[in-house]
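Only one structure is covered here, and it is reproduced in the block below.
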There are 2 protein chains.
Amino acid sequence: MLDLLKEEAWDNLSIPLVAERSGVHQATIYRRWGSLSALVDDIVTGRLTAGSPVPDTGTLRGDLEAYAVKVAEDVASPMGMLYVRAAMVGSKGPEGETYLLQRAVQLNAMLERAAARGERPPDLLELMEVVIAPLYYHLIFFNRPVGAEHARMLVDRLLRLAPSPPASGPAAPES
Amino acid sequence: MLDLLKEEAWDNLSIPLVAERSGVHQATIYRRWGSLSALVDDIVTGRLTAGSPVPDTGTLRGDLEAYAVKVAEDVASPMGMLYVRAAMVGSKGPEGETYLLQRAVQLNAMLERAAARGERPPDLLELMEVVIAPLYYHLIFFNRPVGAEHARMLVDRLLRLAPSPPASGPAAPES
DNA sequence: CCCTTAATGCGAATTTCTTCGCTTAAAGAT
DNA sequence: ATCTTTAAGCGAAGAAATTCGCATTAAGGG
């Protein structure tokens, strides 16, 4: 399946194709998965669940850069397209949701570690919007994944957004 | 086709279905488009080309907010998914590219108008990454499009990024 | 008005996908 | 070792989908 995703256009993918390439009988695939989307979902959630732990380098910037570069690589692989497709086709059960939640918890832990060290981390939504979202955007609309330097630039942008202590903000007087 | 996109799951869409719903003969659809992706692409580029001009409100923030809110609405409509699908399936010829380019030119014009007024606009890539990318990200992964206020918040974030003089380098020499 | 061109309707032929019944192989339990 | 259970192989039947040849209609040019 992964091979085919690299070679074939989305349109021509079919279960008979996968069967031929993999050497298993078509009926077997139909019995185990029933549809291409289900197969793709299975691959995705399999990979996702096997996901490595979030980085812990000792600094917020280090953690964020390591994570961003890793996601960028991930998105660049054939898996990137699969994530998007699986999320969109939505034949998925609760698995996808579960994963996202679990991942969110891990990332939150990373941010809280930073806070515990006295750094001022962004919140999770900000991280996703400023760093992760552009990675997928480049993939989808420019069909050209993002390199490590660019990923690090995105982290830099994120950190520039929340750089100052709560008291000495440029505009807001806190009381 | 648009009706079906709202009702049916992606997996069950087929040309015979569209034919039945629309009342035209299957063969006609096959002759004119050849595949579902081509049909979708045609709809997308049709809508896109009919796209309204970029806003011109007199201020950079006003332009950006109007544009962001508009894109957010667009993404929330069934068309949002279509854009993503069309971009990914990639059965598109040069049309899609052409559109993106043309749109980029329009947006650039908007940014240059701001510069001509003495404002300091972000560059195009920044605009796309900070404002547009999150809109699609929410749609795809949270399956929940973004409201107007959130869209305006994204614009605010973008403007907070580029508030300072053009001459000084990025690696701020603090002394 | 007639003629030409291009597009659609129509149904059947063809191809491809999906399911079915059955046989065979592998793994665990007794 | 034998039995049981589960999954896979296999080819054919069934149900899609895509394509084809031909008749019909609509629009524009002479």
Is any NZ, NE, NH1 or NH2 atom of the basic residue among B:Glu7 and B:Arg21 found under 4.0 Å from an Asp or Glu carboxylate oxygen of the other?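 So B:Glu7 pairs with B:Arg21 through a salt bridge.
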
Under 4.0 Å between a Lys/Arg side-chain N and an Asp/Glu carboxylate O for A:Glu129 and B:Arg157?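 Judged by the 4.0 Å cut-off on N to carboxylate O distance, A:Glu129 and B:Arg157 do form a salt bridge.
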
If you assign A:Ala27 and A:Asn12 each to the DNA chain C nucleotide with the nearest heavy atom, which residue ends up on the more 5' nucleotide?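 Going by which nucleotide is closer to the 5' end, it is A:Asn12.
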
Starting at atom [atom1] of [X], determine the distance to atom [atom2] of [N], rounded to an integer number of angstrom.
{"X": "A:Gln26", "N": "D:dA7", "atom1": "CD", "atom2": "C1'", "answer": "17 Å"}
{"X": "A:Leu13", "N": "C:dT16", "atom1": "CG", "atom2": "P", "answer": "16 Å"}
{"X": "B:Glu20", "N": "D:dA17", "atom1": "CD", "atom2": "P", "answer": "10 Å"}
{"X": "A:His25", "N": "C:dC22", "atom1": "NE2", "atom2": "C1'", "answer": "12 Å"}
{"X": "A:Ile29", "N": "D:dC10", "atom1": "CD1", "atom2": "C1'", "answer": "14 Å"}
{"X": "B:Asp11", "N": "D:dA16", "atom1": "CG", "atom2": "P", "answer": "16 Å"}

Kindly give the heavy-atom pair with the smallest separation between A:Ala76 and A:Pro145, and that separation in Å.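 So the two residues come closest at CB-CB, 3.5 Å.
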
Grab the two heavy atoms, one from A:Arg103 and one from A:Tyr67, that are nearest each other, plus how far apart they are.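 Scanning both residues completely, I find the closest heavy atoms to be NH2-CE1, 3.6 Å.
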
Side chain of A:Ser14 - closest among C:dC17, C:dG11, D:dA17: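 The nucleotide sitting nearest to the side chain is C:dC17.
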
Which nucleotide wins on minimum distance to the side chain of A:Arg32, given the candidates D:dA8, D:dG9, C:dT8?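 Among the listed nucleotides, the one closest to the side chain of A:Arg32 is D:dA8.
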
Please state whether the phosphate of D:dT19, meaning OP1 or OP2, lies under 4.0 angstrom from any side-chain nitrogen or oxygen of B:Tyr30.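 For D:dT19, neither OP1 nor OP2 has a side-chain N or O of B:Tyr30 closer than 4.0 Å.
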
Look at B:Arg31 and D:dC20 and indicate whether a side-chain polar atom (N or O) is within less than 4.0 Å of OP1 or OP2.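 The answer is no; no side-chain N or O of B:Arg31 sits under 4.0 Å from OP1 or OP2.
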
